[in-house]
Novice: 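I have a structure I would like to understand better, so I am pasting it below and will then ask my questions one at a time.
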Amino acid sequence: EAYPELKSQDNYKTLMDQLEGTENRISTARHDYNEAVQAYNTTIRTFPDAIGAKVFYGAKPLVPFKATTPGADVAPTVNFGNTN
C-alpha cells in the first residue's frame, strides 16, 4: 500500500500486448497469402479456367511463402537491458 504507482508496468504490458498482436497479424497475413496462392494455383490448373489463364494471361503457378532463414519462424526475444 505504501508503494508508488509505477506507470512503467502499464507501459510494459501495453508494449507486450502490441508485440503479441503484431505477431498474430503477421501469422494471419502469411496464412491468408498461402491460402490465396493455393486457390490461384488450383484455378489455373482446373479446366476450363486453365485454358483461359494460359492463353490470355500466361499464368504461372505462384510459390507459397515459406521462411527460408533459420529461426525465421520464431519471434525474436525483446531485451530491455534489465538483466540481474
Side-chain angles (χ1 to χ4, degrees):
E1 295 174 6
Y3 297 112
E5 183 179 341
L6 297 176
K7 302 235 183 231
S8 64
Q9 288 178 347
D10 291 336
N11 291 340
Y12 179 79
K13 183 178 179 333
T14 301
L15 175 63
M16 296 309 289
D17 289 342
Q18 289 176 350
L19 288 174
E20 182 182 358
T22 300
E23 291 171 11
N24 290 340
R25 284 191 299 277
I26 290 170
S27 176
T28 301
R30 183 180 302 133
H31 178 71
D32 291 347
Y33 174 79
N34 285 341
E35 282 186 347
V37 166
Q38 183 178 6
Y40 171 79
N41 288 342
T42 301
T43 299
I44 65 169
R45 291 180 178 147
T46 306
F47 185 81
D49 295 328
I51 296 169
K54 287 183 182 179
V55 170
F56 295 113
Y57 305 112
K60 296 180 182 171
L62 297 176
V63 178
F65 178 81
K66 181 178 178 184
T68 57
T69 306
D73 56 342
V74 179
T77 56
V78 180
N79 181 4
F80 292 102
N82 56 354
T83 57
N84 291 333

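Computed from a prediction, not measured in an experiment: that's the story for all the values here. Residues: numbered from 1 along the sequence shown.
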Novice: Nearest 0.5 Å please: distance from the CG atom of Asp10 over to the CG atom of Leu15.
Specialist: 12.5 Å
Novice: Are Tyr12 and Leu19 connected in the hydrophobic side-chain network, where two residues link if heavy atoms are under 4.5 Å apart?
Specialist: yes
Novice: Which residues pass the side chain to side chain contact (heavy atoms under 4.5 Å, CB included) test with Ser27, sequence neighbours left out?
Specialist: none
Novice: List, by chain and then residue number, the residues other than Phe65 in its hydrophobic cluster (Ile/Leu/Val/Met/Phe/Trp/Tyr, side-chain heavy atoms under 4.5 Å); write none if there are no others.
Specialist: Tyr33, Val37, Tyr40, Ile44, Leu62
Novice: What salt bridge (charged side-chain N to carboxylate O under 4.0 Å, His left out) pairs are there with at least one residue in residues 15-40, not counting sequence neighbours?
Specialist: Lys13-Asp17
